[in-house]
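I have placed the structure first, in the form of structure tokens, so that the comments after it can refer back to it.
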Amino acid sequence: METGAGRKLWTLALALCLQAIACRAEPLADAPQPAPLISERVLSFKQMGASGALRMRGGNGVAAISFGSRADELITSLTLKLRYIYSPAMLTDLSHVQVMVNDQVVTVLPFVKGQGGKMQETSLTLDPQLLTSFNQIQFRLIGHYTLRCEDEAHSSIWAEVSNASEVRMTVQALPVADDLTYFPEPFFDSRDYSPLRLPMVFAGRPSLGALRAAGELASWLGALSGWRGARFPAVLDGMLPPQHAVVFAANGQRPAFLASLPPVREPMIAIMSHPERPERKLLVLLGRDDKDLLQAVRALVLGQAGMTGDLVRVGQVKLVAPRRPYDAPNWVSSDRPTRLGSLAARKEDLQVSGLQLAPVRVAFRVPGDLFTWGSRGIPLNLKFRYTGPQSNNGSRLNIGVNDFFVQSLNLNASGIGGVQTSLRLPVLENGLLTNVDQILLPPFRVSSRNELEFHFNFAYEKQGECANGVVDSFRGEIDPDSTIDFSQYPHYAQMPNLALFASSGYPFTRLADLAETAVVLPRQPQKSDIDAFLAVMGRMGASTGFPALRYRLVSEDNLDSVRDADLLVVGDSRELALLKTWRAHLPTRLDGDKRQVADGDTVAPEDAVTFQSLGVASHPANGEADFSARGKVGALMGLESPLSPGRSVVIVTASESAAMNGMAAALIDDAKLAQISGSVALLRGDAIDSELLGPVYHVGSLPLWDWIWLFLSGHPLLLAALAAVSVLIMAFVILRIFRILAARRLREGG
């Protein structure tokens, strides 16, 4: 039996070996030093979170954009490539836009006479020494339109900076310590707003066990990356890419650069420098076999907060409490009201100030199968604070969801007002808090991914021709204790519906840990198949905010072991034999260059009411075409599982490996995901065609009364017949009652 001292010596030897590998590429003192690792990073304002143009209104209007600086990089140069436009009514001699970096004015954008109303382009070189970990670039409009009796809030004072503007940075890689204390840095840095791209290195064709471990890690990193998107290119030849990477190394299958390591005796996690580029780091997962690799991944995911040093030995790792349905951290609760404060990243995100206030935006996700058919609306219990406006006439809080106007609430000068549906006694009223009992959001405008918008608009009155009347600043705040309530809705959905998969990963994400999901790969998955598989797992994590710790990974030869699961099938159509086996069940057919494509129903958007009838058995094709064609095409298909009724299958496939890469890229592209719906979506370049074909089935359950009304809504003739029969029955009953009463009177009178 191994002693504690022997184990420590062996661990020390392993650490020294890892250090020796990392030091191989370090030059001697008199050897020429390698050139610094320098690269260029480009971020558009849209990537940095600007969904539209940055708008400045009024004589002192402000707009801002934020970005971060990675801990392992030094920004050596910073250039703003701006596209902007301004009002032609402003005086160019007096008007301009101040450009500020972290509240310090660095330059101005002058206005040129005769160029107002035309899109302008300019490049500004800024001092990178002004940057910190998190940075904000602000634009302040100094606008004037007249020399006499100027109104700071006049409609002619405006300017906009396009969200196509860019921040261009030249960055130099910095050496960082081999220390898991800072993990997930440098592999994922929350200050980096660009999509995560982290290669995963294997020593050859990986086993299903190694791929399962990689999938769990990809889902966790996908949850961290969130809106950025994440790709995990697979490296199957053991060659290290020139960037941060994750290495999977079991004793029997290791990349060549780890060949000198002694065999490990337990799961281990190590961080080391890249043998050729010390600025880049490798996260090395070591184990005796695939089970050890999975243990190492789970230890990293569940216990990384307590890890330190460059080498961690993993003991026992247990998954204790399984997830409950619909409890994903990224989703609003479906069994109780959800506080808006829990949906905002920071409390400050619910506050705005200035003369022309920007909207307060609150993003939220809901389970894809919430059944809101026939609902009057989704309750929003809102509380908000604001500075008392100067004018009672025209000051409002406008409320919207997903760019759809919902309701407008009047703001009064005392700071107390709004719509109240019940009597309130102002015993504890402080004069600043406004209570609105309930606002109803239209269910047909709420989908899986949503954004609430609250826009404070304050009016003012001019007291004279040259009296301004505008206060220095207005303030508004949505109270964090405001709630939105989805608890009254059952879970029921008509399937197949690829829009739900694209937006929220449904039905697989019904359980955040994917406990009822099996991922199916071809017998011999190629690199492109593995890339797509890891991208899908990253997308699952981004949808739920939780790693997929309980999913199953099988080859298409072992489907009998996962008959009870929802199946997520990923693979090139030339390698995936399952497409031939299930040919009769598929809404379209793809086998390399051979294709059968059908024209089906027009697909309704995800947020439309699609539950019109339970009696519709299928969506027939208007026509079919069989042909062979060269070129790349990807396909996403949804159907009911041929193995188990009520279970779902989603297939991610393509005509060739290059098209599989396109499918993997599409899975992190929100613009493309928004175009996916129905039962089949075909991807050709940037074009996506969605169709609704084949049998319809339903998942979830409804209360009996809702089920009856839903069924009757799709059969108006039956509803009319039942109504007529009901009237006849009621008439017969009433007539019978009258006859009984008449007979009783006759008996009593006789």
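In this text the structure is predicted, and so the values were computed from the model without any measurement.
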Over all atoms of both residues, closest heavy-atom pair of [X] and [Y]:
X: Asn402; Y: Arg449; result: OD1-O, 4.1 Å
X: Pro195; Y: Gln47; result: CD-NE2, 4.0 Å
X: Thr509; Y: Ser543; result: CG2-CB, 4.4 Å
X: Arg365; Y: Ser503; result: NH1-O, 3.5 Å

Applying side-chain hydrogen bond (donor to acceptor under 3.5 Å, both in side chains), name anything that partners [X], two or more places apart in sequence or on another chain.
X: Gln304; answer: none
X: Glu121; answer: Arg83
X: Arg539; answer: none
X: Asn330; answer: none

* To do: Would you mind checking if Arg231 and Asp531 are paired as a salt bridge, meaning a charged N to carboxylate O distance below 4.0 Å?
  =>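 No, Asp531 and Arg231 are not salt-bridged.
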* Asked: Between Lys383 and Asp481, is the closest basic N to carboxylate O distance under 4.0 Å?
  ->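 A salt bridge is absent here (no side-chain N lies under 4.0 Å from a carboxylate O).
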Below 4.5 Å, heavy atoms only, C-beta onward: do [X] and [Y] meet side chain to side chain?
X: Leu124; Y: Thr79; result: no
X: Leu409; Y: Ile439; result: yes
X: Leu350; Y: Asp479; result: no
X: Val97; Y: Val108; result: no

* Side-chain donor-acceptor pair under 3.5 Å between Asn135 and Ser69, yes or no? ->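 Side-chain D/A pair, Asn135 to Ser69: present.
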* Asked: Looking only at side chains, do His144 and Asp93 share a donor and an acceptor under 3.5 Å apart?
  ->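 No donor-acceptor contact under 3.5 Å links the two side chains.
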* Among all residues two or more places apart in sequence or in another chain, which pass the salt bridge (charged side-chain N to carboxylate O under 4.0 Å, His left out) test with Asp127? ->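 In terms of salt bridge (charged side-chain N to carboxylate O under 4.0 Å, His left out), with neighbours along the sequence ignored, Asp127 is linked to no residue.
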* To do: List in chain and number order the residues that pass salt bridge (charged side-chain N to carboxylate O under 4.0 Å, His left out) with Glu348, two or more places apart in sequence or in another chain; answer none if no residue qualifies.
  =>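 Here no residue qualifies.
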* To do: Enumerate the residue pairs fulfilling salt bridge (charged side-chain N to carboxylate O under 4.0 Å, His left out) with a member in residues 47-64, sequence neighbours excluded, ordered by first and then second residue.
  =>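 Listed by first then second residue: Arg55-Glu160, Arg57-Glu160.
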* Determine which pairs satisfy salt bridge (charged side-chain N to carboxylate O under 4.0 Å, His left out) with at least one residue from residues 189-198, sequence neighbours left out, and list them in order. =>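 Output for this query lists Arg41-Asp192, Arg70-Asp192, Glu185-Arg191, Asp189-Arg191.
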* To do: Would you please test Asp178 and Lys281 for salt bridge (charged side-chain N to carboxylate O under 4.0 Å, His left out) and show each step?
  => CA-CA 8 Å; Asp178 293 341; Lys281 297 299 174 184; 2.5 Å; yes
* Asked: Which pairs count as ring pair (Phe, Tyr, Trp, His ring centres under 6.0 Å) when at least one residue sits in residues 337-363, sequence neighbours excluded?
  ->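 The answer is none; no pair qualifies.
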* Got a sec, which pairs hit ring pair (Phe, Tyr, Trp, His ring centres under 6.0 Å) with one end in residues 102-139, sequence neighbours left out? ->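 Every ring pair (Phe, Tyr, Trp, His ring centres under 6.0 Å) pair that includes a residue of residues 102-139, provided the two are not neighbours, is Tyr86-Phe111.
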* Sequence neighbours excluded, which residues qualify as ring pair (Phe, Tyr, Trp, His ring centres under 6.0 Å) partners of Tyr326? ->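 Partners of Tyr326 under the ring pair (Phe, Tyr, Trp, His ring centres under 6.0 Å) test: His491.
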* For Phe405, which residues count as a ring pair (Phe, Tyr, Trp, His ring centres under 6.0 Å) partner, sequence neighbours excluded? ->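 Phe405: no ring pair (Phe, Tyr, Trp, His ring centres under 6.0 Å) contacts found.
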* To do: Starting from the C-alpha separation in whole Å, work towards a yes-or-no answer on salt bridge (charged side-chain N to carboxylate O under 4.0 Å, His left out) for Asp686 and Lys672.
  => CA-CA 8 Å; Asp686 292 330; Lys672 291 182 178 177; 3.4 Å; yes
* To do: Can you spot which of Trp227, Phe45, Phe67 makes a ring pair (Phe, Tyr, Trp, His ring centres under 6.0 Å) with Tyr193?
  =>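 With Tyr193 as partner, Trp227, Phe45, Phe67 yield a single ring pair (Phe, Tyr, Trp, His ring centres under 6.0 Å), made by Trp227.
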* If the plane angle is over 60° it's perpendicular, under 30° parallel, otherwise tilted; pick one for Phe183 and Trp220. =>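 Plane angle under 30°, so parallel.
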